[in-house]
Amino acid sequence: MNRNMILGGTLSAVLIAAALLSLVWTPYDYASLDIPNKLQRPDAAHLLGTDHFGRDILSMIMAGARTSLGVALMAVGIGLVFGIPLGLWAAARKGSWVDEFIMRGNDVVFAFPLLAMAILITAVFGPSALNAIIAFGIFNIPVFARTVRGGALSLWEREFILAARVSGKSSLRISFEHILPNLVNLLIVQGTIQFALGIQVEAALSFVGLGVQPPIPSLGRMLADAQTLVTLAPHLAVFPGLAIILIVLGLNLFGDGLRDWLDPRIRVART
Amino acid sequence: MSLLTIRNLNLSIHNAPILSGVSLHIEPGEIVAVTGESGSGKSMTALAVMQLLPGGSQVSGQIELGDLDVLNAGEDILCGMRGNDVGMVFQEPMTALNPVKTIGDQVAETILIHDAMDRAAAMVRARDVLHRVGLPEDRFPLTRYPHELSGGQRQRVVIAMAIALRPKLLIADEPTTALDVTTQAQILELLKGLVREFGMGMLMITHDLAVVADMADRITVMRHGEVVEAGPTQDLLANMQHPYTKMLFEASGHQVTLPEPPPPAPLLEVRNVVRTYRLPRTALFRPPEHFRAVRDVSLVINRGERVGLVGESGCGKSTLTRAILGLEEVQAGEILLDGEPVFSGQRPNLNVRRKMQVVFQDPFGSFNPRHRVDRLITEPYYLLDNPPTGPARRDAIAEALTAVGLKPDDGQKYIHEFSGGQRQRIAIARALIIRPEMILFDEAVSALDVSVRAQVLDLLADLCRAYNLTYLFISHDLSVVRTVTDRVLVMQAGEIVEQGVTEQVFTTPAHPYTRELIAAAPVLPDLKRAV
Amino acid sequence: MVRYALKRLISLVISLAVASLIIFFVIEIAPGDPASFMLGINAQPDTVAALREELGLDTSKVQRYLNWIGGMLSGDFGTSYTYRTPVAQMITDRLSVSLPLAIYGLLLSTLIGIPAGIFAATRRGRAGDMAVMGATQLGVAVPNFWFAMMLVLLFAIRLGWFGAGGFPGWAKGFWVCIHALTLPAICLALPQAAILARVMRSSLLDVLGEDFMRTARAKGLTLRQAVWRHGVRNAFIPVLTIIGLQIAFLLAGAIIIEQVFYLPGLGRLIFQSINARDLIVVESVVMLLVFSVILVNFLVDLAYAAVDPRLRSRE
């Protein structure tokens, strides 16, 4: 354990717990309107104030963070589910047409900026949380495929893999018995980083209207709503932003600490 | 006055003691060798003289270079000393040079950094120095980049950088360990010549006692950060005092006795094998060219026979090994084990595979760090139709571990709990456990210290007696091959240029390349005669 | 060298071809007929048919793809469904804001990130390193559009040093426009500078551990001389990759930041087009973004060869 890991771990644990708590309890109903109490500054009744409909900001942030975490988690899941087998397969058939095909495919997907992908999907299917998940999920596939392939290639050079081959094991079996377990550290660290990125991606896409749609709570949409009122009520913008920063900061610190703790030598692509 | 005097040098790094009470001195024109096994602190002694120790180092004692008090000198004085008064040559020529700068610039930099002359004159000097170390400008222009040179050539560039300003002292830290024997001989000759010509003192760090005996005027033997014995080479060799020194020299020339092999009956047959690799295309629409790593090789290994395969790096011995293991397809010819082909496409032929096992060089990379030893050594059970289970499996594990000199309990441990020598024993246990017909030892003792290597060679001889092993022993180390094999094959540029009974080949080599190899390999002086 | 460049060029063309196919077919599966959409639900069938013909929608998919690609190659990006003006013209107008913004951002992030990374690496573990690394953690975590709102609040509204948004147009003079783009560019550059600083630091630390750095010290170079003469250029090789990747992030980031500063850039165009289902504009803008990413990667590959002699001779 090191300082980054403890600090980041605690920070993200507290915030994730608050987000999950919103499933069963929030200080106020995040969706209920209370026009007479609109645009309240933070006080004892509303710790972080209220918005232009009188909704409690703290409750909205708790529920919005839950959405962000969900979107990020599913998108990372998509990346892992497709990226790991592709990366393992490419590494096992290094230099063959399979490898070439997978890597060229990765390059093409990588050439689509995340926003371009989201724009394309939204333009065709309309904006929704699901489309944000799909866009970031597709973006994650080459990230994980490259991470896995890179790690796997150096493992394939190791003599214990040769020993397994001499023992007659097929490359499929070696990939799952010897390669993948030795990549778990790498994947946890890369996963944490992509997860943190996912929180930001959700916020950005929802901010410009390409992500989560009403009535689902979202930190990005809170900021979009706050934009017109920012001179009048800065707290509408400040608190959701701080929430995003703290979650991302916590996860990134945790990821960095975890990397140093698990293995100082592993290298993770940070984009 | 001595050129270099080290008195009572102590060093600790992050409070871990590395050196204690090390003393030695070097006179002008003298070669002093510091030798010892890994962890003896010999390289740290060299770095201490340069004051290029890693962070967290604490040094006490005295290092005097002429009248310079090295340990108390400021950084600017030290920078003036490095490269000007003391030059240094490192072990790994492949990484010692900056890949993005030309060799001319890198040699000239030594001169320019000390403001010894202007740029034009420095380039002229760089050219002369490179010429002196054997890289004449007409064949090796100053505009070459390091990656365009071989390992031996790069080491020459490093030497040129070290001697460009004719320093008083040259420090060489394992300068030939990463090189082939023939290249090693040339580099050692070059270093000796430079010392003579410039009247430099030289501090030579090496683990190779044969090199030490050949090069040094005086020897310092170190162990665990302390000097155990020192003296003029001839005296020390003739009259060793310390038991560690005696053990070190005995282990370096360690001989084992193999049992007589049974009458010949072919087990492995390699017939006219060709293995080629596709090179990257040189032009877009030209068909890619091929590199023939193994060219028309034929050989037979008989049951119960111990065969050596020697050759320098790039001669194709690794490629041939992989082909024999059935890991790669060959382009022509066939490899048969007990009459069956070793390569059978994507699906390995378990019938053949179970007759053959392998022990690799790297005692650290040969095992999956996540598995326990019992699981590691039973991996070849995958080859059996009915692998033993329960008590039978436990017994087999215990027997294999005992056979290689470990305890049955060691099966419960993880691989990081073992030393390099123990790991090679575990690798041998893994190879033995399914009682293969044949074992390949791929540079299996090359990464070990001499004392550990001697023990593993003894183990090999014991196993030959107990299990009638058949093996192919691939190595670049001629002295080891000489003692553990009955027959030897010499490989050069993808072809087997000579083969025959080991002693015969070593005493009366027929092929010029074999003669060259044997002449280049440094040999220990015959200690018994010296005594 | 020429061969290397040629090989990269071929791979660029293949990537572009595959990417354009993907974009074309994703747009193709969009539900609804653009012609009916443009004319509204009350349109006469023959009017719709006439428009379909005018837009080239009555030909086969393959033909339409080839028309699209051929058009783009000759600078004709088609006609906007909603505005009935050439898409190429609309994009050029908007790019005159977005592209300078992205380049300004890249300049700032490089000028801040690289020196910060070198500074931190050479002070590894000391206070200066800790401060830079702490700042980069924060820089990576802050969403740039939120940071933009905060900057507007502080510099535009409280202090009045900058306008709160809008763009005067290049006709009003270069420096006026640069002034208007400064706050957006800072927001764009901030997270990228943080990433660059981290990559530069770790890359330089890797290089500092290399054998040739010790060789350089053994020649008599001071640590500082060794870092500058031998470290930085080698450490720059992985950093180039990241700078290449940043173009994509900066262009995309520009699209989002423009929303905060009410800049008439590509962002405005694209969100209007999505809402109006003007798919031909969407298609062209996405293709343009992908093209710029692939082009920059090509340039980065060429830059590699300039920095690293091993690449020059290998191919």
Side-chain angles (χ1 to χ4, degrees), chain B residues 46-47 49-52 54-56 75-102 105-116 143-148 154 157-158 161-162 164-165 167 171 173 280-284, chain C residues 1-11 13-14 121-126 129 203 205-240 303-315:
Chain B
L47 290 176
V49 175
M50 291 299 265
Q51 281 295 291
L52 287 175
E75 182 61 22
D76 50 336
I77 306 270
L78 290 173
C79 283
M81 172 196 86
R82 297 181 198 124
N84 194 18
D85 301 318
V86 188
M88 186 155 179
V89 178
F90 300 95
Q91 173 172 350
E92 214 10 282
M94 302 312 274
T95 52
L97 294 169
N98 184 343
V100 304
K101 291 201 168 194
T102 63
D105 282 344
Q106 294 194 56
V107 174
E109 188 176 35
T110 307
I111 302 157
L112 293 170
I113 207 79
H114 293 283
D115 290 324
T143 51
R144 285 281 174 91
Y145 286 96
H147 71 271
E148 296 168 303
R154 291 189 209 188
V157 177
V158 176
M161 281 166 28
L165 287 174
I171 300 177
D173 184 3
R281 283 167 199 265
T282 50
L284 232 34
Chain C
M1 182 66 197
V2 175
R3 207 172 284 141
Y4 173 81
L6 209 61
K7 205 172 157 181
R8 296 287 126 193
L9 194 65
I10 288 176
S11 129
V13 171
I14 294 173
T122 50
R123 280 163 191 71
R124 182 182 200 173
R126 290 194 264 154
D129 184 23
S203 172
L205 283 180
D206 283 350
V207 172
L208 291 183
E210 293 275 355
D211 282 353
F212 63 78
M213 293 301 288
R214 197 179 51 187
T215 311
R217 295 300 311 283
K219 284 195 227 175
L221 276 74
T222 63
L223 183 60
R224 199 184 171 77
Q225 285 170 323
V227 167
W228 284 101
R229 293 180 187 209
H230 295 274
V232 171
R233 185 159 160 205
N234 279 288
F236 210 65
I237 295 170
V239 174
L240 268 179
Y304 273 148
V307 175
D308 191 341
R310 287 167 293 189
L311 274 179
R312 282 202 292 270
S313 56
R314 189 176 305 155
E315 308 271 343

Peer 1: Which pair of heavy atoms, one from B:Pro99 and one from C:Pro309, lies closest together, and at what distance?
Peer 2: O-CG, 3.2 Å
Peer 1: Answer with side chain, backbone, both or neither: which region of B:Gln91 has an atom nearer than 4.5 Å to a non-hydrogen atom of chain C?
Peer 2: neither
Peer 1: So which part of B:Leu97 gets closer than 4.5 Å to some heavy atom of chain C, the side chain, the backbone, both or neither?
Peer 2: backbone
Peer 1: Please tell me if the side chains of B:Ile113 and C:Arg229 come closer than 4.5 Å, counting only heavy atoms from C-beta onward.
Peer 2: yes
Peer 1: Which pair of non-hydrogen atoms, one from B:Thr110 and one from C:Lys219, has the smallest distance, and what is that distance?
Peer 2: OG1-CD, 3.0 Å
Peer 1: Closest heavy-atom contact between C:Ala218 and B:Phe90?
Peer 2: CB-CZ, 3.8 Å
Peer 1: Counting heavy-atom pairs under 4.5 Å with chain C, which one of B:Gln51, B:Lys101, B:Met94, B:Glu75 comes out on top?
Peer 2: B:Lys101
Peer 1: Check whether any side-chain heavy atom of C:Arg233 sits under 4.5 Å from a side-chain heavy atom of B:Asn98, and report yes or no.
Peer 2: no
Peer 1: Contact between B:Glu109 and C:Gln225 at the side-chain level, heavy atoms closer than 4.5 Å - yes or no?
Peer 2: no
Peer 1: Most heavy-atom pairs under 4.5 angstrom with chain B, which of C:Thr222, C:Leu223, C:Asn234?
Peer 2: C:Asn234
Peer 1: Do the side chain of B:Thr95 and the main chain of C:Asp211 share a donor and acceptor less than 3.5 angstrom apart?
Peer 2: no
Peer 1: Nearest 0.5 Å, please: how far is CE in B:Met50 from CZ in C:Arg217?
Peer 2: 9.5 Å
Peer 1: Could you look at B:Val89 and say if it's the side chain, the backbone, both or neither that has a heavy atom under 4.5 Å from chain C?
Peer 2: neither
